[in-house]
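Report on one structure; see the data block that follows.
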Amino acid sequence: MKGDAEGVLPSLPPADRASGPTRGDGRFPVAWLHISAPRHGTPTATSTCLCGWDRSATGHGKVHALIAAHTAHRDTCPLRTNQEGRAAA
């Protein structure tokens, strides 16, 4: 391939590179919750979603509230909800 170092093979065959990942059942992560609670320190958390949801919190009470909001976001996220089911309901 043009631009590849001589003698170095690409990690994927040419047919698989253009189509993207094909292994697994088609699921992929959409949202992440990261919590840091150092011993004798102030806990922090961030909640991020591919839909644009991006929140952070510092302190015990606010981190617990963010965990609840992250969990509730699953039901309202446009990337996770079934649009067909919502119209029928």
Side-chain angles (χ1 to χ4, degrees):
M1 294 186 102
K2 189 174 183 177
D4 288 344
E6 186 176 323
V8 177
L9 297 174
S11 59
L12 295 173
D16 289 343
R17 267 185 254 137
S19 64
T22 57
R23 295 186 179 118
D25 59 6
R27 296 184 296 173
F28 59 93
V30 174
W32 297 263
L33 178 63
H34 179 264
I35 302 168
S36 176
R39 185 178 300 214
H40 306 296
T42 303
T44 60
T46 57
S47 172
T48 309
C49 182
L50 292 178
C51 74
W53 168 274
D54 189 10
R55 308 284 191 273
S56 62
T58 303
H60 292 279
K62 291 182 180 180
V63 166
H64 283 281
L66 181 62
I67 293 168
H70 179 85
T71 302
H73 178 70
R74 292 179 183 179
D75 296 330
T76 60
C77 177
L79 298 177
R80 293 182 51 107
T81 57
N82 182 352
Q83 297 301 321
E84 292 175 15
R86 295 186 80 185

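Model, not experiment: these values are computed from the prediction.
Here OG of Ser47 is found 7.0 Å from NE2 of His73. Values are rounded to the nearest 0.5 Å. Taken from OG1 in Thr48 to CZ in Arg55, the straight-line distance is 10.0 Å, to the nearest 0.5 Å. Note that CD1 of Ile35 and NE2 of His70 are 8.5 Å apart. Values are rounded to the nearest 0.5 Å.
The heavy-atom pair separating Pro38 from Pro43 by the smallest distance is CD-CA, 4.5 Å. Of all the heavy atoms in Ser56 and Thr46, the pair that sits closest is CB-CG2, 3.9 Å. Minimum interatomic distance between Leu50 and Pro29 (heavy atoms only, all atoms of both residues): CD1-O, 3.8 Å.
Under the 4.5 Å side-chain heavy-atom criterion for ILVMFWY residues, no single connected hydrophobic cluster contains both Trp53 and Leu33. No continuous path of hydrophobic side-chain contacts links Trp32 to Leu66 [ILVMFWY only; heavy atoms under 4.5 Å].
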